[in-house]
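A short worksheet on the structure shown next.
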2 protein chains.
Amino acid sequence: MRAAESTERGERAARILEAADELLGEIGYDGASMGRVADRAGVNKALVFYYFGSKERLFQHVLERYYAAHQSALAEAFRRGGSVGERLHRLMDAYFDFIVANERYPRLVQQLVAAGERHVELVQHNLAPLFEWLTEALSEVTPEHGPLAARQFFVTFSGAVINYFTYSPVLAAVWGRDPGSREALDERRAHLHWLVDTVLAGLADAE
Amino acid sequence: MRAAESTERGERAARILEAADELLGEIGYDGASMGRVADRAGVNKALVFYYFGSKERLFQHVLERYYAAHQSALAEAFRRGGSVGERLHRLMDAYFDFIVANERYPRLVQQLVAAGERHVELVQHNLAPLFEWLTEALSEVTPEHGPLAARQFFVTFSGAVINYFTYSPVLAAVWGRDPGSREALDERRAHLHWLVDTVLAGLADAE
DNA sequence: TTTCGGTTTGACCGATCGGTTAAGGCGGGC
DNA sequence: GCCCGCCTTAACCGATCGGTCAAACCGAAA
């Protein structure tokens, strides 16, 4: 995929995209000036505009790459059937794995949401399928309305996953331990699976 | 409290602080230029520097106000004793109520974390007490290590609360409903309490 | 060899940024 | 009436921002 993009319009465009990706994750949209992007890519600033037209389109390009990857990773996990529990565990794993493999992604989405109303649409398109899949997967065991509706669990579960990563630098300081280490990630993953099972058991009791 | 600050150095300083607070929540640190802060406060730009010295100190002032309020709200909720469940429910309510009463706060913290390593320290000081209280409250029923350790529930619970608000504009679009409405807030609060009870029941079973 | 179209560059633009400065109100004590 | 200290302002500073442009480069077709 990345190789295809490198040859699509020359590898310099790919270097620019990669630099924009890195800087967006490190210092945010406002901090990542076109000049710094060009410098990191080892390229003249005007070339960035030649390839991508404007700052907004450049970073939109960066986000769409993640969006597509995120989408396909979760679609794959959802397509295969199984019981409610199996599908939830698989969705959870897919979401978790995707973020581990794309460590800049959660901070990036977080920046978009925090930046205000302007970029809500993009995040919305990103979140909508995940929301619908989880709603469908849960529909067998949750009521349609009220505190136990699927939409509540959507916020709770996705928050439990993504917050671990977005707050990771803070957690590293509060705990005496790197939240990105292999053991810490395994522990978090096990916690999430326990959470799914416990919530499902609680829902069964509530009926 | 606010009245005390208004008279401390004249009400113009308070107007500047309020404008800075609003803009920080609306358009972020980088977007909130000193000129715009001054305009919104109805004041000359140089006056902002006269009172607060620099942009960084101005917004640090804004954050410290929230920090103190957050701290005291949760300390109050924790001080009173009771069973594990009672303390957890009270902490949850206090956290939730505080955010409802300070709607710009979560987006503000989110921006700090997203902005990179620079502001981690402030968020850390903010989160550390909450972490320790929840850890202490949970210590009776959770193991010290592994997937059911208190630190895991800290991330899960705080994420379940704060994510509802930070993703609120996105959720409004995905659902056909305003997440900030009275009924929606009540429903979310009930969900969180159900979550606490269910997790506690699950922990009791796990022993 | 010349031409040509895509690529790359340095120089430049107006706007805005955070921050400074010197000078003007302006009310209260002498 | 004058002076002093706090408040407030317009004007200005250098730096950086996103974006433009005309010229130079360069490999392939003719």
Which nucleotide wins on minimum distance to the side chain of [X], given the candidates [options]?
X        : options                   : answer
Tyr51(A) : dC21(D), dT8(D), dT8(C)   : dT8(C)
Phe49(A) : dT20(C), dT20(D), dG18(C) : dT20(D)
Ser33(A) : dC17(D), dC21(D), dT21(C) : dC17(D)
Arg12(A) : dT9(C), dG18(C), dG18(D)  : dT9(C)
Ala46(A) : dG18(D), dA10(D), dC21(D) : dC21(D)

Worksheet item: Only one of Phe157(B), Phe153(B), Phe154(B) clears ring pair (Phe, Tyr, Trp, His ring centres under 6.0 Å) with Phe131(B); which?
Response: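 It is Phe154(B); the other options fail the test.
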Rounded to the Å, how far apart are [X] [atom1] and [N] [atom2]?
X        : N       : atom1 : atom2 : value
Lys55(A) : dA15(C) : NZ    : P     : 19 Å
Phe52(B) : dG19(C) : CZ    : C1'   : 16 Å
Asp39(B) : dT9(D)  : CG    : P     : 12 Å
Asp30(A) : dG18(C) : CG    : P     : 11 Å
Asn44(B) : dC12(D) : CG    : P     : 14 Å
Met34(A) : dC17(D) : CE    : P     : 12 Å
Leu47(B) : dC6(D)  : CG    : C1'   : 11 Å
Leu23(B) : dT16(C) : CG    : P     : 16 Å

Worksheet item: On a plain distance test, is the side chain of Lys45(A) in donor-acceptor contact with the base of dG19(D) below 3.5 Å?
Response: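 Side chain to base: pair found, below 3.5 Å.
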Discussion item. Assuming nearest nucleotide by heavy-atom distance, tell me which of Val43(B) and Ser54(A) is located more 5' along DNA chain D.
Written reply: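 Closest to the 5' end, via its nearest nucleotide, is Val43(B).
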Item to complete: Assess Arg87(B) against Phe78(B): is NZ or CZ under 6.0 Å from the centre of the six-membered ring, and within 45 degrees of the ring's axis?
Response: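 Positive - Arg87(B) is close enough to the ring of Phe78(B) and near enough to its axis.
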Discussion item. Check whether Tyr29(B) forms a cation-pi arrangement with Lys55(B) (NZ or CZ under 6.0 Å from the six-membered ring centre, at most 45° off the ring normal).
Written reply: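 Judged by the rule, Lys55(B) and Tyr29(B) form a cation-pi pair.
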Worksheet item: Are Tyr50(A) and dT20(D) close enough that a side-chain N or O sits under 4.0 Å from OP1 or OP2?
Response: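 No, no such contact exists.
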Worksheet entry | Ring geometry between Tyr66(B) and Tyr105(B) (parallel below 30°, tilted from 30 to 60°, perpendicular above 60°) |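 Rings of Tyr105(B) and Tyr66(B): tilted, as their planes differ by 30° to 60°.
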Fill in: Residues Asp197(A), His89(A); criterion side-chain hydrogen bond (donor to acceptor under 3.5 Å, both in side chains); working and verdict
CA-CA 9 Å; Asp197(A) 287 333; His89(A) 282 295; 2.7 Å; yes
